[in-house]
Amino acid sequence: MSSRLNHREIESKWQAAWDEAGCFRASEEPGRPKYYVLEMFPYPSGRIHMGHVRNYTIGDVIARYKRAKGFSVLHPMGWDAFGLPAENAAMERGVHPAEWTYANIETMRGQLQTMGLSIDWSREIATCSPDYYRHQQAMFLDFLEAGLVYRKNSWVNWDPVDHTVLANEQVIDGCGWRSGAPVERRQLAQWFFKITDYSEELLTALDDLPRWPEKVRLMQQNWIGQSRGAHLSFPLKGRNDAIKVFTTRPDTLDGASFLAVSPHHPLAAELAETDDKLAAFIAECDRLGTSEEAIETAEKRGYDTGLKGAHPLDPAWELPVYVANFVLMDYGTGAIFGVPSGDQRDLDFARKYDLPVIETYRPIGARDATEDEAREHAAAFAENPVQKIGDDTVFRITETAFVDKSDQQPVNYTNARFLDDAVLAPVEAIERTIDYLEAREVGEGLVQYRLRDWGLSRQRYWGAPIPIIHCPTCGPVPVPSADLPVTLPEDVDFSQPGNPLPRHPTWKHVSCPKCGGPAERDCDTMDTFVDSSWYFARFCAPQAETPTLRSAVDYWLPVDQYIGGIEHAILHLLYARFFTRAMRVCGHVGIDEPFAGLFTQGMICHETYRSADGRWLSPQEVTREADGSLSFEGQPVTLGRVEKMSKSKRNTVDPEEIIATYGADTARWFMLSDSPPDREMEWTDAGIEGAWRFTQRLWRQLNEAIGDLPPAAAPLPAELDAAAQGLRQSVHKCIAGVSKDIEAFHFNKAVARLYQLSNEIAAFEASSLGGAWALREAWESMTRLVSPMMPHLAEEMWHRLGHQGLLSDAAWPEADGALLTEVSVVIAVQVNGKLRATFEAPKDSEKASLEEMALSQAAVQKALQGGQPRKVIVVPNRVVNVVA
RNA sequence: GCGGGUGUGGCGGAAUUGGUAGACGCGAUGGAUUCAAAAUCCAUUGACCGCAAGGUCGUGGGGGUUCAAGUCCCUCCACCCGCACCA
């Protein structure tokens, strides 16, 4: 047998063997613990990239490990197959989106299969298949009936040239990404999921997801954005209505000096009808971009409507009403009261429009600055209104509002009629104020959320059609369930931009299911996030006639381990959490939380290269010269930063080539080495070469050793020499360590342990029967421990070791507890905290004897220079520290 | 602005949660083998001083707690990520 490993041969051989044996077919076995491992399913963009390789390698290690540990494992794969790129391809190349998508799926499935993943391919699904989206349409109608879906007008970005709606990401500097034309805001009637019904639940339930990364939970928490505050009304003078305001700081009510409403507030719209200047101001606000930069630099501007609002606690106190560009319509009530002394933005506004600045609270013990002090310290006061001068804390509101960082620290309320000069933490002051306002029936406390309802209508072709028929007499009517699925027409015209569905000659024309009169289909399709919000449930029974099969989802769900990129930390994961709750309401599942465990893997990075004329160069184009310098076509190449692999920087490496050259096992092994899986990893040639050498070495060493090994079933010899005993200890420690590391997602540490064991095996010489036995045990264990990472090589080794069955069906090795406990330990001896010597002692030696042994060390004697130690600290099995 | 993270040799990263810093890999250097190269094997590899024995310094900077600090506390710096006109 050749000692050189032919990865092409063995990898396809074992993949075929697994396939034939049906190893990875998931089955519901009520007596056995189940484990559902899921990686975020890919978008079929054309080819797999290294990010996929990392994602699916991690998932496969977990799936194979859990299988070996005796779990009934579900590890499926599918395709998030709807989306805009397919339509772009249709427009650019004239291929139908379906054709493009299915061709990509074909290619990518083949690529994934070369990775040797333990996937149950019989459960494969594609979201663009009517077999999938018909159930999504059915659930949409269930949700509609349950009151979880509604329709309302909503603003969209409209490209006037392409006649299409743009996603926010497609608006660049206020212009359409494709047409370059300035984007307009338009109102369209659209469907919404009532995710806000679950704001509180989605927030509090985060506490019950201990196996989610803290970071993701925090991001979701911030996104949902809970804040405690109050609603207050400011009656308008000369009218019989009022402006309703939301505030988180009712305690500052007596510092109010103006009211402001959003340019989209109904009051603004009403006034603009008779006020041309206001109408112009509103139009100007709409023109200003919504990009971060525009917001950052935009001046706080307002338009004085001339209206006056009365202070809720003092009808005689009148506040001017502005329309202001910084007030958002979709948070709170779209109106605020401004407190210049407590908010920097309000202060800027007050200065601009010459409004009063009224103090409400100040630091405890602060006195007013004198005129002289204020003048003298003008510069410093501009930075901070609270200054120390002599022993005093001096307070003056100048160009900076006094905003206390913490609402827990008490402050002195100097001007709040309802707080009587109290010294209070703002949190408490807020509650007292709310009580006061509620008692007088001028306000009410409430909890406000930032989360908004999920608009799911998309004016595009390549998505699941919304199963609604619009009838001029009956309004929107659900498509009867017998008529599902509403399938996409295939004969569509992509020669013009925009959604081809409304232009299709026949598709939309139908009769109303209710009255039978002429009606039109809803020509919008669903946001692709809807498709990915329930696919994990469909995998449990992908052929079921209903969206889910309750017995299957009740057995498999929740997903025990979900793995994917951090970029989905908010939207996808939040939508899936909402959808699961909605599915529960409609009886499709019996759980609330879809993903019990979540792991977010890091990005793959690579060096970047630029040619002499500044173009990005791909790694393949760059040649490494003998002196280590880089060149391209004879010209020097500039080495750039290590950055996330991306098409635009051209620093990608094609997995297909890597797998062809080095094999899937090597690629998988390298993916797991070195970098912790949640951090970014750098792809290097040296790294993949190193991994490749290891796979070769393992195989070579096994072949060198195999002749001297006893048969597989040989009994443990009665006598083991010390070396054999030592090897056995290393092996069992490695078993325990690797198991622990895999469970904790510390694959890089597991890899390091396996390298270490391999080094020990290589250094071991079997000089006795016991030695040979221990060596066999070492090789058997090594083979099983590397199997989740390098499954093909492991099968080949298993076979070489004389086993008949598949390693993929074999059990995970168990560490023998008796071999994990050390007989002796190395004790470190410190003098004044500095290491001076080490010595070996029996494990669990008495403190007194350890102290005696430590003091007898020559180095310790020398350091003490004949003196007596002042103190000796003994930490059993660890360290002895002598204090001289 | 708000929230979060990271900082350890030439590089990726370990360090049993306060107890021998640098496991393991990469890279590098020297040697063996070879006609030669690749592969392989052996040795060395944090810095500094020293012929050596040995010593000093060392986990972003500064300070502190402790017999003992990469780990805990205070403070400063740098970089990265998320959200952001949120009342």
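So you know, we letter chains A, B, ... as the sequences are listed, proteins then strands, and number each from 1.
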When all nucleic acid strands are considered with a 4.0 Å heavy-atom cut-off, which category describes [X]: base, sugar-phosphate, or nothing?
| X | answer |
| --- | --- |
| Val245(A) | nothing |
| Val826(A) | base |
| Gln830(A) | base |
| Phe246(A) | base |
| Leu328(A) | base |
| Thr248(A) | sugar-phosphate |
| Val883(A) | sugar-phosphate |
| Asn759(A) | sugar-phosphate |

Ile58(A), Thr600(A), Val61(A) screened by side-chain contact (heavy atoms from CB on, under 4.5 Å) with Pro677(A), the one that passes: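 Testing each of Ile58(A), Thr600(A), Val61(A) against Pro677(A), the sole residue satisfying side-chain contact (heavy atoms from CB on, under 4.5 Å) is Ile58(A).
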Qualifying residue for side-chain contact (heavy atoms from CB on, under 4.5 Å) with Gln830(A), from Val882(A), Ile873(A), Val879(A):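 The single option meeting the side-chain contact (heavy atoms from CB on, under 4.5 Å) with Gln830(A) is Val879(A).
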Do the ring planes of [X] and [Y] sit parallel (below 30°), tilted (30 to 60°) or perpendicular (above 60°)?
| X | Y | value |
| --- | --- | --- |
| Tyr353(A) | Phe349(A) | tilted |
| Trp669(A) | Phe694(A) | parallel |
| Tyr575(A) | Trp454(A) | parallel |

Contact letters for nucleotides 39-58 of chain B, in which S counts primed atoms plus P, OP1 and OP2 and B counts the base, heavy atoms under 4.0 Å: -SS-------------SSS-
Pair pattern of RNA chain B in dot-bracket, where unpaired bases get dots and | marks partners in another strand, Watson-Crick or G-U under 3.5 angstrom: (((((((..(((......[....)))((((((.......))))))((((....))))..(((((..]....))))))))))))....
Could you tell me if the side chain of [Y] sits less than 4.5 Å from the side chain of [X], heavy atoms only?
| X | Y | value |
| --- | --- | --- |
| Glu743(A) | Lys740(A) | no |
| Phe337(A) | Thr252(A) | yes |
| Lys847(A) | Pro876(A) | yes |

Ring centre gap for Trp692(A) and Phe670(A) strictly below 6.0 Å: no
Distance between the [atom1] atoms of [N] and [M], in whole angstroms?
| N | M | atom1 | answer |
| --- | --- | --- | --- |
| rA21(B) | rG55(B) | P | 14 Å |
| rC74(B) | rU65(B) | P | 15 Å |
| rC11(B) | rG46(B) | C1' | 13 Å |
| rA39(B) | rA47(B) | C1' | 34 Å |
| rU17(B) | rA68(B) | C1' | 15 Å |
| rG22(B) | rC57(B) | C1' | 15 Å |
| rA23(B) | rC35(B) | C1' | 41 Å |

Stepwise side-chain contact (heavy atoms from CB on, under 4.5 Å) test for Asp251(A) and Thr360(A): CA-CA 8 Å; Asp251(A) 55 320; Thr360(A) 52; over 6 Å; no
Ser675(A) vs Met329(A), nearer the 5' end of RNA chain B by closest nucleotide: Ser675(A)
Residue whose nearest RNA chain B nucleotide is more 5′ - Arg641(A) or Val882(A):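 Closest to the 5' end, via its nearest nucleotide, is Val882(A).
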Anti versus syn assignment for rG9(B), with syn defined as within 90° of 0: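 With its glycosidic angle within 90° of zero, rG9(B) counts as syn.
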Distance in angstrom units between Asp741(A) CG and rC24(B) P, rounded: 15 Å
Length of the line joining Asn881(A):CG and rU66(B):P, which is rounded to integer Å: 15 Å
Any Asn748(A) side-chain nitrogen or oxygen under 4.0 Å from OP1 or OP2 of rA14(B): yes
With sequence neighbours excluded, residues passing side chain to side chain contact (heavy atoms under 4.5 Å, CB included) with Ser199(A):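 Residues passing side chain to side chain contact (heavy atoms under 4.5 Å, CB included) with Ser199(A): Thr196(A), Ile224(A), Tyr449(A), Leu451(A).
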Quiz item: Lys300(A) side-chain donor-acceptor pair to rC85(B) base, under 3.5 Å: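 Such a pair is found, so the answer is yes.
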